[in-house]
**Q** 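Here it is, the structure in full.
Quick note on labels: first sequence line is chain A, next is B, and so on, each numbered from 1.
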Number of protein chains: 2
Amino acid sequence: MPTLDPHPRQNHLLAALPAADAERIFPQLEYVPMPLGHVLYESGIQMRHIYFPTTSIVSLLYVMEDGASAEIAVVGNEGIVGVSLFMGGETTPSRAVVQSAGHAYRWSGPALKDEFYLAGPMQRLLLRYTQSLMTQMAQTAVCNRHHTLDQQFCRWLLLSLDRLSSNELVMTQELIANMLGVRREGVTEAAGNVQRAGLITYQRGHITVIDRPGLEARTCECYAVVKKELDRLLPYSNAL
Amino acid sequence: MPTLDPHPRQNHLLAALPAADAERIFPQLEYVPMPLGHVLYESGIQMRHIYFPTTSIVSLLYVMEDGASAEIAVVGNEGIVGVSLFMGGETTPSRAVVQSAGHAYRWSGPALKDEFYLAGPMQRLLLRYTQSLMTQMAQTAVCNRHHTLDQQFCRWLLLSLDRLSSNELVMTQELIANMLGVRREGVTEAAGNVQRAGLITYQRGHITVIDRPGLEARTCECYAVVKKELDRLLPYSNAL
DNA sequence: GTCAATCTGTCTGCTGGCGCACATACGGCC
DNA sequence: GGCCGTATGTGCGCCAGCAGACAGATTGAC
């Protein structure tokens, strides 16, 4: 973690707020732990809060009738969980699960909506982030259609890595398989390939990235598209 | 077509506007033809207008570096093309192509934004539609991951059908393959299967649906999820 | 009516990922 | 230090969809 003291500005959207807005909004936020596996909201169930992750990562998953699942998007300190609160739907047909433990700031739905209708900088940030989230979803669809498991594994790794401030990730192959919507054995093979190529080391749920550029070269264009679009929509300069 | 005279209310979002708002907005709209194959906007290029299809269908496609493509979502008279104009990004990394010829109303970007910031019924409709579009994208990702070409073909057919007021679709297998991001031969086989099952007849670019419930039974859950979510977010009662 | 372009059907490998069944290896706990 | 649960590696047959080549069929233009 870059800072030990928790602060809302560890989330990039909150960090981008002008001082006047921050002064109004920050006191309304509640700092909460995000334990691994915690379900923030369930398909079709109304959510009460919107979450601004700081050190945690959250996966948006769709779980099918037969129990199989697929990740739709991943959210970390660059974004928010719960866009449907201000988009007007209140619920979505997906599930949000903490994929990497940490913390987040949460904001109650009604307070968020009041702020949203002020049509100030916060609204602008929320909508822009939502657009970047759409790009991520779209690219996930494309990637699922056209790219190999090896490429998708690298893309997933990079997306997760970008949302942490470390080059290590705690995650079993079983869980990665759930996210990607593939078999655990498939992940074993992909991870083995990438490890043999010297890009990562994998040890019982601990992935350490050795050669990040190597990973970027090995993945498909989807990673770059998503990252570039996020940077374009929400340039992050004023980090804490 | 249910009505011969073109009218903005043939688009479901415009139809849902209260009279006062309609009076203000409708005069700003321009009725335009949407010829087959017309590109409304290209990846990364700023769009000038937002489109409200009435009798046309538009596909949102992502085109990869190697030229392969995949459909991300499909938009007809239930929605709009160009959400990034009010979401703030101005562009998206995808392409919008007319998949079924017809007409649409278009609205200039600046005028749209003025209306958006009034935070009235139009804003509410636009945001809710955007959320339903996100659901469609997410479900496309899931479907691409888990379901067979047969199922996806049926899903695609039903989604397109819902956006027309006819049980016939003009579309070659080659084009469908582009949309789904699969080989043309794959579509031939899927279409053959569905035809042999007596659900459609296919003749040189003309698909006629015979047994709609049969199609619904043959497709995956993805179709129902998308449709249900659209109905929930934007119940369409006051049709023209 | 003829011809050419376009659209559709089919065949032959081939490969990536699935499903299932095991064989390990690590690592914390008593 | 041994044990057990959890995590990982690997083998096999199988199948959906790919790649490419080609044969028929329909349509529209002349």
Side-chain angles (χ1 to χ4, degrees), chain A residues 36-37 64 66-71 99 140-157 168-197 200-208 218-220, chain B residues 36-37 64 66-71 99 141-157 168-197 200-208 218-220 222:
Chain A
L36 179 64
M64 301 200 308
D66 68 3
S69 62
E71 191 178 73
Q99 178 205 106
T140 303
V142 171
C143 204
N144 283 352
R145 160 63 67 214
H146 288 291
H147 299 134
T148 64
L149 184 41
D150 262 41
Q151 292 177 305
Q152 295 184 38
F153 175 73
C154 293
R155 170 178 65 87
W156 185 89
L157 216 51
E168 198 190 322
L169 224 127
V170 180
M171 175 75 47
T172 66
Q173 299 185 345
E174 179 82 46
L175 283 177
I176 297 179
N178 283 156
M179 302 291 166
L180 293 179
V182 298
R183 286 182 322 147
R184 198 265 313 158
E185 291 90 329
V187 174
T188 299
E189 201 179 324
N193 294 340
V194 177
Q195 183 160 21
R196 273 187 292 281
I200 62 169
T201 60
Y202 207 129
Q203 275 178 22
R204 252 186 121 64
H206 289 253
I207 312 176
T208 309
R218 202 183 175 95
T219 193
C220 45
Chain B
L36 180 65
M64 301 200 307
D66 68 3
S69 62
E71 191 177 74
Q99 178 204 106
V142 171
C143 204
N144 283 352
R145 161 62 65 213
H146 288 291
H147 299 134
T148 65
L149 184 43
D150 263 42
Q151 292 176 306
Q152 295 185 38
F153 174 73
C154 293
R155 170 178 65 86
W156 185 89
L157 216 52
E168 198 190 323
L169 224 127
V170 180
M171 176 73 49
T172 67
Q173 298 184 347
E174 179 82 46
L175 283 177
I176 297 178
N178 283 157
M179 302 291 166
L180 293 179
V182 298
R183 287 182 321 144
R184 198 265 314 157
E185 291 89 330
V187 174
T188 300
E189 201 180 324
N193 294 339
V194 177
Q195 183 161 21
R196 274 187 291 281
I200 62 169
T201 60
Y202 205 130
Q203 276 178 22
R204 248 186 125 66
H206 289 252
I207 312 175
T208 309
R218 203 183 175 96
T219 193
C220 45
C222 300

**Q** Roughly, in whole Å, what's the span from OH in A/Tyr202 to C1' in C/dA25?
**A** 15 Å

**Q** Under 4.5 Å between any side-chain heavy atoms of B/Trp156 and B/Val187, yes or no?
**A**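 No, side chains not in contact.
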
**Q** Would you mind reporting whether A/Thr140 and A/Glu71 have side-chain heavy atoms less than 4.5 Å apart?
**A**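 A/Glu71 vs A/Thr140: side chains apart.
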
**Q** What is the distance, to the nearest angstrom, from the CG atom on A/Asn144 to the P atom on C/dC18?
**A**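 That distance rounds to 11 Å.
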
**Q** Is the shortest heavy-atom distance from the side chain of A/Asn193 to the side chain of A/Arg218 under 4.5 Å?
**A** yes

**Q** Expressed as a whole number of angstroms, how long is the span from A/His206:NE2 to C/dG28:C1'?
**A** 12 Å

**Q** How about CD on A/Glu189, more than 12 heavy atoms from neighbouring residues, nucleotides or ligands closer than 6.0 Å, or not?
**A**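 12 or below, so no.
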
**Q** For the side chain of A/Leu149, counting heavy atoms from C-beta on, which of D/dG17, D/dG5, C/dG17 is nearest?
**A** C/dG17

**Q** B/Gln195 CD to C/dG9 C1': how many Å, rounded?
**A**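 Those two atoms, CD and C1', are 11 Å apart.
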
**Q** If I take atom CD in residue A/Glu189 and atom P in nucleotide D/dG9, what distance separates them, rounded to the nearest angstrom?
**A** 11 Å

**Q** Closest nucleotide of DNA chain D for A/Gly192 versus for A/Arg145: which of these residues is on the 5' side?
**A**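 Final value for this comparison: A/Gly192.
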
**Q** Given C/dA25, D/dT27, D/dG17, identify the nucleotide with an atom nearest to the side chain of B/Thr148.
**A** D/dG17

**Q** Roughly how many Å is it from NE2 in A/His146 to C1' in D/dA19, rounded to a whole number?
**A** 15 Å

**Q** Taking the side chain from B/Glu174 and the backbone from B/Arg184, do they hold a donor-acceptor pair closer than 3.5 Å?
**A** no

**Q** Backbone N or O of A/Ala141 within a donor-acceptor pair of the B/Asn144 side chain at under 3.5 Å?
**A** yes

**Q** What about A/Arg204, does its side chain sit under 3.5 Å from the base of D/dT8 through a donor-acceptor pair?
**A**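 Side chain to base: no pair below 3.5 Å.
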
**Q** Distance check needed: C/dG9 P versus B/Asn193 CG, whole Å only.
**A** 11 Å

**Q** Heavy-atom contacts under 4.0 Å between residues 178-188 of chain B and DNA chain C, which residues?
**A**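 Those residues are B/Arg184, B/Glu185, B/Thr188.
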
**Q** What's the CE-C1' distance between B/Met171 and C/dT8, to the nearest Å?
**A**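 Interatomic distance, CE of B/Met171 to C1' of C/dT8: 16 Å.
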
**Q** Would you kindly compare A/His147 and B/Arg196 by the position of their nearest DNA chain C nucleotide and give the one closer to the 5′ end?
**A**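 Looking at the nearest nucleotide for each, B/Arg196 comes out on the 5' side.
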
**Q** Mind checking salt bridge (Lys or Arg N to Asp or Glu O under 4.0 Å) for A/Arg145 and listing every partner two or more places apart, or none if nothing turns up?
**A** none

**Q** Can you check whether A/Gln173 has a side-chain N or O nearer than 4.0 Å to OP1 or OP2 of D/dG9?
**A**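 Checking A/Gln173 against D/dG9: at least one side-chain N or O falls below 4.0 Å of OP1 or OP2.
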
